[in-house]
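All ligand and atom numbering here is 1-based and tracks the order in the structure. Only this structure's heavy atoms are used, side chains among them; waters, hydrogens and symmetry mates stay out.
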Amino acid sequence: MIQSKLPNVGTTIFTTMSQLAAQTGAINLSQGFPDFDGPQALREAVGRHVMAGHNQYAPMTGLPALREQVAQKIARSYGRRVDMDAEVTVTPGATEAIFCAVQALVRPGDEVIVFDPCYDSYEPSVELAGGRCVHVPLALPDFAIDWQRLSDAIGPRTRLIILNSPHNPSGALISRAELDQLAALIREREIYLVSDEVYEHLVFDGVAHASVLAHEELYQRAFVVSSFGKTYHVTGWKTGYVVAPPALSAELRKVHQFVTFCGITPLQWALADYMSAHPEHVDELPAFYQAKRDLFCDLLKGSRFTFTRSPGTYFQLADYSAIRDDLSDVKMSLWLTREHGVATIPVSVFYQTPPKDLRLVRFCFAKREDTLRQAAEKLCRV
Ligand SMILES: Cc1ncc(COP(=O)(O)O)c(C=O)c1O
């Protein structure tokens, strides 16, 4: 019998719920992807570049034209001038970027702090590097950093902290003041950061995203990760990027070079064209997704779910304790899918040790208006 290197990893709840939604014909608000397409001009550009013969390996660090667009966007959005050659690396998805950053930094015996609930790729990446995740729960009900618990979790073996803002699954945001607090906490230690900012442009209610890219001190020890998939409604393209100071980028690239070597060439050409022609796309995203959030939340007011509007991401949490307090969130998600035709994700799966009596499910509102209306109608009958 093979001895698994990842004995705790099985089929993820995202696969399970999407399969169940397909089998039962339920509306799928579980997995995080849009049910609408990315911009037509972007999709057409891929075809054009494939036909123009842009089908061989891209440079290992990413197509220069795309890295230049990323650098320009960072200057516009966060006021930082990055060196596109030394600091920007295009990767096949944010997941690969996170994996490479972790492999580049974490050695056997090192500890990596993650905040629960957390995205499911972090821990396997750390374990494969021989490290150990130390899970620090975010404080309910707002999913804020619990500074005492974070401070208690930091020790001599702490090598890395993985941040995620806007946060999946809660939508919570880390503020600039919190970044300052973090900087003060780790100032005297050799601790690095992976800042998972894949939802950087999905921040609502006029709030500005506090990126680590805009924080001089933290940036000097950070890998900041983003995803074109989220920003351009093309999650299946699995194309992202990571920005880090030159020395850190150099270490990450040593790993990336032998994991995939490079991202997919025609997709990078298309993204470079589109970003250059439509720099306004990212500025329009908050209003685009806020309208979806508000539609969904307004409709959900007619239900027995309780919630506060998500400050960011394309996820909305809802408390169902007034409906079926007797069910765990996993059972509730299965019940909602099978009996009421709406697939959701239980929040407990994002935890190492879920809080007792957690009664929260996550809905993805990256959906067409008619999908959101149909889903809400069903949820209002629960
Ligand atoms: C918090 C978070 N990080 C990373 C990713 C992965 O992004 P990509 O599809 O670009 O690998 C996701 C996707 O759902 C996510 O929610």
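At the top of the distance list for atom 14 (O) of ligand 1, counting protein heavy atoms only, stands K230 NZ, 2.7 Å. At the shortest separation from atom 15 (C) of ligand 1 among protein heavy atoms lies Y119 CE1, 3.4 Å. At the top of the distance list for atom 3 (N) of ligand 1, counting protein heavy atoms only, stands D196 OD2, 2.6 Å. The nearest heavy-atom contact from the protein to atom 7 (O) of ligand 1 is A94 CB, 3.5 Å. Of the protein's heavy atoms, K238 NZ, 3.1 Å lies nearest to atom 9 (O) of ligand 1.
When each of V225, V224, V212 is tested with L163 by the rule side-chain contact (heavy atoms from CB on, under 4.5 Å), just one qualifies, namely V212. Between R359 and the choices D329, D326, D319, D325, the salt bridge (charged side-chain N to carboxylate O under 4.0 Å, His left out) rule is met once, by D325.
A heavy-atom separation below 4.0 Å is not found between H167 and ligand 1.
Classification of R80 and E87 as a salt-bridged pair fails, no side-chain N sitting under 4.0 Å from a carboxylate O. Ionic pairing of R132 and E127 is not present here: no N-O contact between side-chain nitrogen and carboxylate oxygen is shorter than 4.0 angstrom.
Close N/O approach between S227 and ligand 1 is found [any backbone or side-chain N/O within under 3.5 Å]. The distance criterion of under 3.5 Å between nitrogen or oxygen atoms is met by Y199 with respect to ligand 1. Ligand 1 has no nitrogen or oxygen under 3.5 angstrom from a nitrogen or oxygen of G93. Between T235 and ligand 1, no N or O atom pair is found at a separation short of 3.5 Å.
Across all non-hydrogen atoms, the minimal contact from T308 to Q316 is O-NE2, 2.9 Å.
When heavy-atom distances to ligand 1 are checked against a 4.0 Å cut-off, T95 comes that close through both its backbone and its side chain. In V225, neither the side chain nor the backbone holds a heavy atom less than 4.0 Å from any atom of ligand 1.
Ring pair Y232/H281 is parallel by interplanar angle, where below 30° counts as parallel and above 60° as perpendicular. Using the six-membered ring where Trp is involved, Y314 and Y289 have ring planes that are tilted, between 30° and 60° apart.
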Just list the side-chain donor-acceptor pairs under 3.5 Å for residues 100-108, sequence neighbours left out, or say none.
unit_1 : atom_1 : unit_2 : atom_2 : d
Q103   : NE2    : S125   : O      : 2.9

